[in-house]
Amino acid sequence: MAVITKFVVVREGVEKMTFTSKKEADAYDKMLDIADNLVPFITSAELKIDENSVEKLAFYLASNKDELANLLKGVVKAKPSAAKPAAKKATKKAAAE
């Protein structure tokens, strides 16, 4: 018999996600905290967005917090070159043959 340790993230009595490592569970819990904090911030913008969309937007921003932080700092991510997609297509063709 195997013993499996699971870390469960619970919010308001609802099980949100299960992880096999405490580090992953803590990271997800922190992301949910960030999303919760973003909801009133987005709502205060008075953009006439329904509550469900505000929650989805807050979750998206929290999920991509590192990229968002870089954008707010003015760091622009390098655009992918045209050669990369062509290389992927060639690999797919070779795999299909």
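The basis for the numbers below is simple: all heavy atoms, side chains too, and nothing from hydrogens, waters or symmetry mates. Quantities reported herein were computed from a predicted structural model and do not represent experimental measurements.
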| request: Tell me, please, which residues at least two apart from Asp50 pass side chain to side chain contact (heavy atoms under 4.5 Å, CB included). | output: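 Asp50 satisfies side chain to side chain contact (heavy atoms under 4.5 Å, CB included) with Asn52, Ser53 only.
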
| message | I need the Lys56 NZ to Leu61 CG distance, nearest 0.5 Å. | response |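 Between Lys56 NZ and Leu61 CG, I get 14.0 Å after rounding to 0.5 Å.
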
| query | What is the distance from atom OG1 of Thr43 to atom CG of Leu38, rounded to the nearest 0.5 Å? | reply |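 Result: 10.0 Å between the selected atoms.
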
Following the transitive rule for hydrophobic clusters with a side-chain heavy-atom cut-off under 4.5 Å over Ile, Leu, Val, Met, Phe, Trp and Tyr, establish whether [X] and [Y] coincide in one cluster.
X     : Y     : value
Leu72 : Leu57 : yes
Leu68 : Ile42 : yes
Met17 : Met31 : yes
Val8  : Val14 : no
Leu32 : Tyr60 : no

| Which pairs, with at least one residue in residues 9-18 and sequence neighbours excluded, count as a side-chain hydrogen bond (donor to acceptor under 3.5 Å, both in side chains)? |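 Sorted result for residues 9-18: Arg11-Asp29, Arg11-Asp33, Arg11-Asp36, Glu15-Thr18.
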
| request: Tell me, please, which residues at least two apart from Glu51 pass side-chain hydrogen bond (donor to acceptor under 3.5 Å, both in side chains). | output: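 side-chain hydrogen bond (donor to acceptor under 3.5 Å, both in side chains) list for Glu51, sorted by chain: empty.
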
| said: Applying side-chain hydrogen bond (donor to acceptor under 3.5 Å, both in side chains), can you list everything that pairs with Ser63, at least two apart in sequence or on another chain? | reply: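 side-chain hydrogen bond (donor to acceptor under 3.5 Å, both in side chains) check on Ser63 returns nothing, list empty.
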
| How close do Val39 and Ala58 get, heavy atom to heavy atom, and via which atoms? |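 For Val39 versus Ala58, the nearest heavy atoms are CG2-CB, 3.8 Å.
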
| query | Between Ala35 and Ala62, which heavy-atom pair has the shortest distance, and what is it? | reply |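 Scanning both residues completely, I find the closest heavy atoms to be N-CB, 3.7 Å.
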
| message | Using the salt bridge (charged side-chain N to carboxylate O under 4.0 Å, His left out) criterion, which residues pair with Lys22? Sequence neighbours excluded. | response |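 Lys22 satisfies salt bridge (charged side-chain N to carboxylate O under 4.0 Å, His left out) with Asp26 once adjacent residues are dropped.
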
| task | Kindly write out the residues that satisfy ring pair (Phe, Tyr, Trp, His ring centres under 6.0 Å) with Phe59, not counting sequence neighbours, or none if the list is empty. | result |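 With neighbours one apart ignored, the set is empty.
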
